[in-house]
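What follows is a short report on a single structure.
Proteins come first, then strands; the chains are lettered A, B, ... in the order of their sequence lines, and each starts at number 1.
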Protein chains: 2
Amino acid sequence: MSRMPTPPADHQVDRIRRFNRFYTRQIGLLNEGLLDSEYSLTEVRVLYELAYRGPLTAAALGQDLGLDAGYLSRILRRFEGRGLIDRSRSAEDRRQVLVSLTDAGRTTFQPLDRASAAQVAAMLSGLSASERESLLQAVSTIERLLDPIRKPEEPYILRSLQVGDIGWIVHRQGVLYAQEYGWDESFEALVAEIAAAFVKAYDPIWERCWIAEREGEVVGSVFLVRHSPEVAKLRLLYVEPSARGLGIGRRLVDECIGFAKAKGYRTLTLWTNDVLVSARRIYQAAGFRLVKEEAHRSFGKDLVGQTWDLTL
Amino acid sequence: MSRMPTPPADHQVDRIRRFNRFYTRQIGLLNEGLLDSEYSLTEVRVLYELAYRGPLTAAALGQDLGLDAGYLSRILRRFEGRGLIDRSRSAEDRRQVLVSLTDAGRTTFQPLDRASAAQVAAMLSGLSASERESLLQAVSTIERLLDPIRKPEEPYILRSLQVGDIGWIVHRQGVLYAQEYGWDESFEALVAEIAAAFVKAYDPIWERCWIAEREGEVVGSVFLVRHSPEVAKLRLLYVEPSARGLGIGRRLVDECIGFAKAKGYRTLTLWTNDVLVSARRIYQAAGFRLVKEEAHRSFGKDLVGQTWDLTL
DNA sequence: ACAGATAGTTGACTGAGTCAACTATCTTCG
DNA sequence: CGAAGATAGTTGACTCAGTCAACTATCTGT
């Protein structure tokens, strides 16, 4: 069913237009810095595309960058004359010319790339760590909302715990469960306690933590701890809203199950609350059975706690 | 003393650069729609500026839009020829020409303005109401963080604990002490434990936490807990590198001392490590005395722990 | 085998924008 | 108070980014 949202308010339109003017100036300032080089902005874009996606046919290059074929041809000829690129006829389709950067081309491009990165780094350096996080969250939000072709999004990786993860996971779960369920600080404190205990008592033979990371950002995590020699416990599963629907939650649970089986545990147990509907669906799909339920008041709310077990 | 924030991570720089490329395309698409008119983008920008900020002198107009004076002169002459603007010598300074839109100019500009607004409205129409709010939040965040003409930095405020703070403080201390002193995850776990314990056992009569916040971002914090009926304990003092040198650390310690005195404690105690030089200076300046020292190995390092007391 | 499409090149051109030289006017300084 | 220097705006000459069309070579589909 197609969505039929209300027309946007004038003030919403005006704010986006103001942002567009503001950000056009921002990008213009960054590009001005770049134009201190002997290459035009378009030329640098061509080099960039070849450096990161090359080799490419001229047609593909022009398509990617939205350039007139005749104009591109002249740019490439100049680059070839300067030894920055090689051009060769494709063996498969002799209409096509394959373009690749030479070593000299890469050497020429590197300082331009670094200069561009340095400008952005300088811009970010004026911000504190949490301001940077806010900025990055904001740009991710805009890309996610406005970019129609970003699906399927880049894959995530799973990795182990690093410095800063514990606090970040505590922070994000605190904020998210407050936003989504109205839970108070005591939930965040519980998460902090569990995570701290995991680190302090960590036994790498029997216990593990998986961090889902995408583009350098944590997008989910889960912990498995040794409850008893035969029982493992899955704790603190969470997935960022911006990364939901990609199977990350399922994947994290599957990793736990795989690890628990490999270690010879007989049972994988977990405690959740009934309002965590998405998580519960994952557990049920994985074969967990509800073994206990009890009402309790926690985190400033009346909740129904549930214990689920999976026989391995 | 100048701020010395940590250099941004490469992945942070890369994400901003990717966003810039993405948003340049976004703006380009919007501008392409505009160029279906008989006016160039620059001409429309001139009309826009005159419509919203006119009348203006030609010099001011060129300054605002970053246009070459000769080029602008020609644009204005074309507009005058079409009856879109009036130009008149300023009575105050006869070098200056005052430019204003005529009724015909406004009539010409209106559909261009509406077309531009309609494009943004169409873009927003593809989003749900909450997605629009997220988008608007995100663009406001970017403007607030990157716009150089925002107010000279606001002073910080001190406030009490909110959801998300615990995790954030754990995260930042974990990251900072790893960067600055090479401490491992166990330090972060300790911070998590202490912070969690503070929340779980919080007694608002005898204990307190101060969060230093500036422009919506946490820039420091300290906790005071009840060690015994007569002894208060200061814990987890930290200040963000980007906010150091502003007296925040001293202020947080002073707040602790004031609160401890007000509550009738006799002693304010704290444990630190000798490598935390800036913190130690603050404690000494506040009158704390070193009462115990012991070597220990923690956080992956050989350290010298120190206990300092202040008699109130 | 041929028509139509694609890939790439080159010629001719437009127009956005730059740079310099100029006139008129205002401000500052000796 | 006059002259030098700066500012405002205009015009001439020019560059060059980019567009459009015509062309050759090659590939695909009927």
Side-chain angles (χ1 to χ4, degrees), chain A residues 24-25 27-29 31-32 34-50 54-82 84-100, chain B residues 24-25 27-29 31-32 34-50 54-82 85-100 112:
Chain A
T24 297
R25 290 197 300 276
I27 290 172
L29 290 174
N31 287 342
E32 267 178 30
L34 202 61
L35 293 179
D36 282 343
S37 82
E38 65 191 286
Y39 296 99
S40 72
L41 179 57
T42 302
E43 288 173 330
V44 176
R45 288 172 67 219
V46 170
L47 290 174
Y48 182 98
E49 205 78 3
L50 288 171
L56 287 165
T57 66
L61 195 52
Q63 180 81 23
D64 287 349
L65 298 178
L67 293 178
D68 182 84
Y71 181 35
L72 178 60
S73 183
R74 274 184 267 269
I75 290 178
L76 294 178
R77 197 172 66 193
R78 284 203 296 278
F79 282 171
E80 191 177 36
R82 290 173 168 203
L84 305 185
I85 64 166
D86 282 327
R87 292 202 284 184
S88 59
R89 283 287 156 185
S90 168
E92 290 134 27
D93 186 333
R94 293 178 50 77
R95 291 174 295 182
Q96 293 178 336
V97 161
L98 266 180
V99 190
S100 54
Chain B
T24 298
R25 288 197 302 275
I27 292 173
L29 290 173
N31 286 343
E32 266 178 31
L34 203 60
L35 292 179
D36 283 343
S37 82
E38 65 193 288
Y39 296 98
S40 72
L41 179 58
T42 302
E43 287 172 330
V44 175
R45 289 172 67 218
V46 170
L47 289 174
Y48 182 97
E49 204 78 3
L50 288 171
L56 287 164
T57 66
L61 194 52
Q63 180 81 23
D64 288 349
L65 299 177
L67 293 176
D68 181 84
Y71 181 37
L72 178 59
S73 183
R74 275 184 267 270
I75 291 179
L76 293 178
R77 196 174 66 192
R78 284 204 296 278
F79 282 171
E80 191 177 36
R82 291 176 166 198
I85 63 166
D86 281 328
R87 292 202 286 184
S88 59
R89 284 286 157 186
S90 169
E92 289 136 28
D93 186 333
R94 294 180 50 76
R95 290 175 296 181
Q96 292 178 337
V97 161
L98 268 180
V99 189
S100 55
L112 299 174

message = Which nucleotide wins on minimum distance to the side chain of B/S73, given the candidates D/dT26, D/dT11, C/dG8?
response = D/dT11
request  = Kindly determine whether B/L76 and B/L61 satisfy side-chain contact (heavy atoms from CB on, under 4.5 Å), including the steps that lead there.
outcome  = CA-CA 11 Å; B/L76 293 178; B/L61 194 52; 4.2 Å; yes
message = At 4.0 Å (heavy atoms only), tell me whether A/D68 reaches a base, stays on the sugar-phosphate, or touches nothing.
response = base
query = With a 4.0 Å cut-off on heavy atoms, is A/A69 in touch with a base, just the backbone sugar-phosphate, or nothing at all?
reply = base
query = Is A/R87 atom CZ crowded by more than 12 heavy atoms from other residues, nucleotides or ligands, each under 6.0 Å away?
reply = yes
query = In whole angstrom, what separates B/R89's CZ from D/dG9's P?
reply = 7 Å
key: Whole angstrom value for the distance that separates C1' of C/dA16 from CZ of B/R77   = 15 Å
ask   = Which value, rounded to the nearest 0.5 Å, describes the distance between A/I85 atom CD1 and A/R78 atom CZ?
value = 11.0 Å
task = Would you please test B/E43 and B/F79 for side-chain contact (heavy atoms from CB on, under 4.5 Å) and show each step?
result = CA-CA 9 Å; B/E43 287 172 330; B/F79 282 171; 3.6 Å; yes
message = Is there, by distance only and without an angle test, a donor paired with an acceptor across the side chain of B/R94 and the base of C/dT25 below 3.5 Å?
response = no
query = Atom CD of B/Q96 and atom C1' of C/dA24: how far apart are they, to the nearest Å?
reply = 13 Å
inquiry  = Tell me whether the side-chain N/O atoms of B/T57 come closer than 4.0 Å to OP1 or OP2 in D/dA8.
reply    = no
Rounded distance in Å - CG (A/L67) to P (D/dT19) = 8 Å
ask   = Could you give the CD-to-C1' distance, from A/E92 to C/dG8, as a whole number of Å?
value = 17 Å
key: Rounded interatomic separation in angstrom, taking CD from B/E38 and C1' from C/dG15   = 16 Å
query = Could one point to a donor on the side chain of A/R74 or the base of C/dG11 with an acceptor on the other under 3.5 Å away?
reply = yes
query = Given that A/G70 and A/A91 both sit by DNA chain D, which one's nearest nucleotide is further toward the 5' end?
reply = A/G70
request  = When you get a sec, tell me which of C/dT9, C/dG8, D/dT26 is the closest nucleotide to the side chain of A/A59?
outcome  = C/dG8
note = Here the gap from A/R95 atom CZ to A/T57 atom OG1, rounded to the nearest 0.5 Å, amounts to 10.5 Å
remark   = Out of D/dG18, D/dT11, C/dT18, minimum distance to the side chain of B/Y71 belongs to C/dT18
key: Out of C/dG8, C/dA16, D/dA17, whichever nucleotide has its closest atom nearest the side chain of B/R78   = C/dA16
Given C/dA5, C/dG8, D/dA8, the nucleotide with the shortest approach to the side chain of A/R95 = C/dA5
task = Nearest whole angstrom, please: distance from the P of D/dG9 to the CG of B/L76.
result = 9 Å
query = Can you tell me how far C1' of D/dT11 sits from CD1 of B/I75, to the nearest Å?
reply = 15 Å
